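Here is the structure we will look at, set down as structure tokens.
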Amino acid sequence: MSDAKSLDVKDGIERETVDAVRGLEADKYKYGFTTAVEQEFAPKGLNADTVRYISQKKGEPDWMLEWRLGAFERWLTMQEPDWAMVKYPPIDYQDAHYYAAPKEKAKVKSLDEIDPEILETYKKLGIPLREQEVLLGVEGAPKVAVDAVFDSVSVVTTFKDELAKAGVIFCSMSEAIREHPELVRKYLGSVVPVSDNFFATLNSAVFSDGSFVYVPPGVRCPMELSTYFRMNASGTGQFERTLIIVDKGGYVSYLEGCTAPMRDENQLHAAVVELVALEDAEIKYSTVQNWWPGDAEGRGGIYNFVTKRGDCRGARAKISWTQVETGSAVTWKYPSCILRGDDSVGEFYSIAVTNGRQQADTGTKMIHLGRNTRSRIISKGIAAGRSQNTYRGLVSAHAKATNARNFTQCDSLLIGAKCGAHTVPYVEAKTPSATFEHEATTTRLSDDQIFYLRQRGIPEEEAVALLVNGFVREVLQHLPMEFAVEAQKLVAVSLEGSVG
Amino acid sequence: MLKIENLHARVEDAEILHGVDLVVPAGEVHAIMGPNGAGKSTLSYVLAGRDGYEATQGCALLDGEDLLGLEPESRAAKGVFLSFQYPVEIPGVPTLTFLRLALNAQRKARGEAEVSSPEFLKLVRAKAAALKIDPDMLKRPVNVGFSGGEKKRLETLQMMVLEPRFAILDETDSGLDIDALRIVSEGVNALRAADRSMLVITHYQRLLDYIRPDRVHVLVDGRIVDSGGPELAHELEARGYDRYGKAA
């Protein structure tokens with residue numbers, strides 16, 4: 001009967017996809033709503049005082065403030081990058097709030113104390129915090145810890161106790177700065193240096209909050225860790241900062257999913273994620289990103305300028321990035337691996353969907369420094385409407401990276417005649433023993449395939465969803481099951497109305 | 001039963017069918033033979049409703065209802081099945097998933113209950129065994145990396161699972177070796193039924209040794225120019241289409 005079960009699951013996904021597409025007709029972007037919660041803003045504009053305001057609001061120690069101010073000084077000397085294949089009007093960095101927090105009543109001990117409006121928001125998003133607690137009591141039910149981020153401040157953290165028993169630290173970055181300064185000082189900025197790039201430096205100066213994870217040596221984190229980000233304040237830039245450290249022989253799987261309410265103006269998002277995997281440690285980092293992409297004419301939408309990087313700092317460490325990028329007006333994102341330890345492994349599995357006037361320039365960097373390091377890149381880009389979808393990837397091997405191996409596969413699917421798909425691979429090998437393979441294909445959604453499916457009775461919309469899901473299946477398989485379902489829905493939903 | 005009257009159809013600017021008349025009564029298997037470019041595949045695409053194959057005059061009635069205004073998926077739900085000459089590859093979509101989706105889409109369109117997983121698997125396994133299809137093949141993506149023979153066997157399996165009222169077999173024998181031809185033909189013959197009619201399109205008489213038609217029609221230059229019993233196929237094999245005024 002195991003066959004029947006797996007078939008049910010698969011069909012369940014297909015059906016969910018189709019239902020999601022259908023449901024969308026009435027409600028084009030169902031996550032496009034706002035919640036009336038009292039908010040506290042930093043004054044508009046960006047200067048050293050803004051940085052001090054943020055640090056003070058968060059009750060940070062002096063060393064953190066100094067770190068931020070150093071980053072800010074550096075940022076003032078830097079230029080916004082212009083090499084990506086994306087176009088957007090100039091951003092006025094002085095015309096935004098750099099901090100917004102829901103007004104707190106008091107410290108919360110349970111979900112009951114959380115603002116019902118916030119809980120309602122999560123309900124609309126389909127994030128059943130309460131249900132998850134119930135699920136915890138059910139034997140064999142998947143356990144997912146949620147560190148929910150409402151705008152910039154963590155308001156709910158569940159399952160902390162269970163994680164604490166395992167010795168895993170999972171908390172907001174603010175809390176980590178207060179409670180675990182030795183870990184934060186040691187690792188923050190050690191993968192993405194303060195001066196790394198324009199957006200990462202900006203983030204270092206003004207980051208609001210984010211998640212912190214530490215997994216001690218030899219510990220397998222007992223549950224998937226999940227964070228839902230959500231922007232909810234008009235004109236508020238969001239600067240998440242995430243730091244995950246897995247000590248020798250440890251393992252963690254971290255999920256990140258995002259939606260944002262519909263807005264008329266552009267919103268800047270410049271997150272930084274740093275991963276550190278020590279000897280024999282493994283980190284799986286999965287993202288489903290569905291921020292508002294702007295309207296059909298290209299008005300509004302999120303600017304998603306993200307720096308994500310993992311460091312395989314010890315021998316045999318492994319870091320695996322899986323991303324499903326369907327949202328945002330402009331995406332600039334290259335989750336990367338530094339393969340420092342000998343025999344370390346880096347992986348990047350990506351689905352990037354663009355429709356309407358969306359622009360995505362995304363890919364990865366695999367930097368081979370250690371001996372016998374291996375990396376694998378599977379990228380699936382889908383472009384529809386008048387969108388532009390670019391894969392940009394770097395694979396490099398240092399002189400000492402003997403026997404480095406990379407396999408890269410970049411597939412692009414075009415839907416319609418007005419979109420573009422581009423593949424820009426950079427390859428550098430400074431050792432003759434490196435083996436790098438690159439395969440790339442570009443195909444158009446074929447009339448033959450659609451007709452074949454329709455002739456068998458499958459309506460056009462479902463046929464397109466089925467074909468697209470087939471195209472991305474190889475990557476979806478790398479997502480945890482509950483995320484795969486959501487991701488499959490998102491892919492279909494994002495392409496709604498792109499055929500016919 | 002299927003009744004085609006004065007069917008004219010064009011592809012882009014060229015008229016390919018110039019008034020086809022054809023009746024296939026329920027329970028019967030008819031063959032359409034003809035030289036290359038006669039319009040055989042056009043006829044099958046027009047009946048199935050492919051975009052770009054436009055019927056400009058006439059009608060095609062299935063059980064009295066004109067198919068020509070319907071979407072391809074609606075025609076399928078009403079029982080039209082086309083076995084493709086060149087079955088299409090669907091990467092990343094397991095054959096079982098596709099088959100079940102198709103069956104349930106048709107059942108749903110007809111207002112019937114969907115088939116559950118265990119029921120479906122039982123059904124498919126039994127029919128696959130009859131066609132000597134390895135169950136592992138059904139876990140692979142639709143037609144991807146299948147041999148010519150495997151593709152045609154899968155077409156036949158789909159027909160067995162979907163149980164159409166009216167099936168068109170477009171050059172089913174192309175790409176088949178003699179063993180595969182026998183297996184596929186046995187599958188098709190097993191589907192012959194009093195409430196089902198079939199139209200077998202073929203270039204060669206060979207297939208008709210295995211699937212014996214009740215009637216044979218000759219399509220030349222977009223018109224049915226001759227009709228007869230099964231013996232007509234043998235005559236065509238021996239004498240070609242020259243006598244109809246068109247070189248083969």
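Bear in mind the structure is a predicted one, so any value in this text is a computation, not a measurement. Sequence lines set the chain letters: A, B, ... in the order given, protein chains first and strands last, and positions in each chain run from 1.
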(message) For B/Ala48, which atoms come within 4.5 Å of any heavy atom of chain A: side chain, backbone, both, or neither?
(response) both
(request) Check each atom of B/Arg75 against the heavy atoms of chain A and say whether the ones under 4.5 Å are side chain, backbone, both or neither. (result) neither
(message) Is there a side-chain contact between A/Gln449 and B/Pro91 in this structure, where contact means two heavy atoms from C-beta onward sitting under 4.5 Å apart?
(response) yes
(message) Counting neighbours of NZ on A/Lys284 that are heavy atoms of other residues, nucleotides or ligands and sit closer than 6.0 Å, is the number greater than 12?
(response) yes
(request) Check each atom of B/Pro141 against the heavy atoms of chain A and say whether the ones under 4.5 Å are side chain, backbone, both or neither. (result) neither
(request) Can you establish whether the number of heavy atoms outside B/Tyr86 located under 6.0 Å from its atom OH is more than 12? (result) no
(request) State yes or no: are the ring centers of A/Phe451 and B/Phe84 separated by less than 6.0 Å? (result) yes
(request) With rounding to the nearest 0.5 Å, note down the distance linking CD in B/Glu89 to CG in A/Asp448. (result) 11.0 Å
(request) Considering only heavy atoms and a distance below 4.5 Å, find which of B/Ala76, B/Gly52, B/Ala105, B/Pro72 pairs most often with chain A. (result) B/Pro72
(request) To the nearest 0.5 angstrom, please state how far the CG atom of B/Leu101 sits from the CG atom of A/Leu453. (result) 8.5 Å
(request) Would you name the heavy atoms of B/Leu162 and A/Arg456 that are closest together and state the gap between them? (result) CD1-CD, 3.9 Å
(message) Donor-acceptor pair, distance only, cut-off 3.5 Å: does the side chain of A/Gln455 make one with the backbone of B/Val80?
(response) yes
(request) For the residue pair A/Asp447 and B/Asp51, establish whether any side-chain heavy-atom pair is separated by less than 4.5 Å. (result) no
(request) Could you check B/Val93 against A/Asn469 for side-chain contact (heavy atoms from CB on, under 4.5 Å), going step by step and ending with a plain yes or no? (result) CA-CA 8 Å; B/Val93 178; A/Asn469 282 332; over 6 Å; no
(request) Return yes when atom NZ of B/Lys3 has more than 12 non-hydrogen atoms of other residues, nucleotides or ligands closer than 6.0 Å, and no otherwise. (result) no
(request) Could you tell me which portion of A/Phe471 (side chain, backbone, both or neither) has an atom closer than 4.5 angstrom to a non-hydrogen atom of chain B? (result) backbone
(message) So, taking the atom named CD in B/Glu71 and the one named CZ in A/Arg454, what distance separates them when rounded to the nearest 0.5 Å?
(response) 4.5 Å
(message) Tell me whether A/Arg405 at atom CZ has more than 12 heavy atoms from other residues, nucleotides or ligands lying less than 6.0 Å away.
(response) no
(request) Below 4.5 Å from any heavy atom of chain A, which atoms of B/Leu82 appear? Answer side chain, backbone, both or neither. (result) both
(request) Count the heavy atoms of every other residue, nucleotide or ligand shown that sit under 6.0 Å from CZ of B/Arg50, and state whether that count exceeds 12. (result) yes
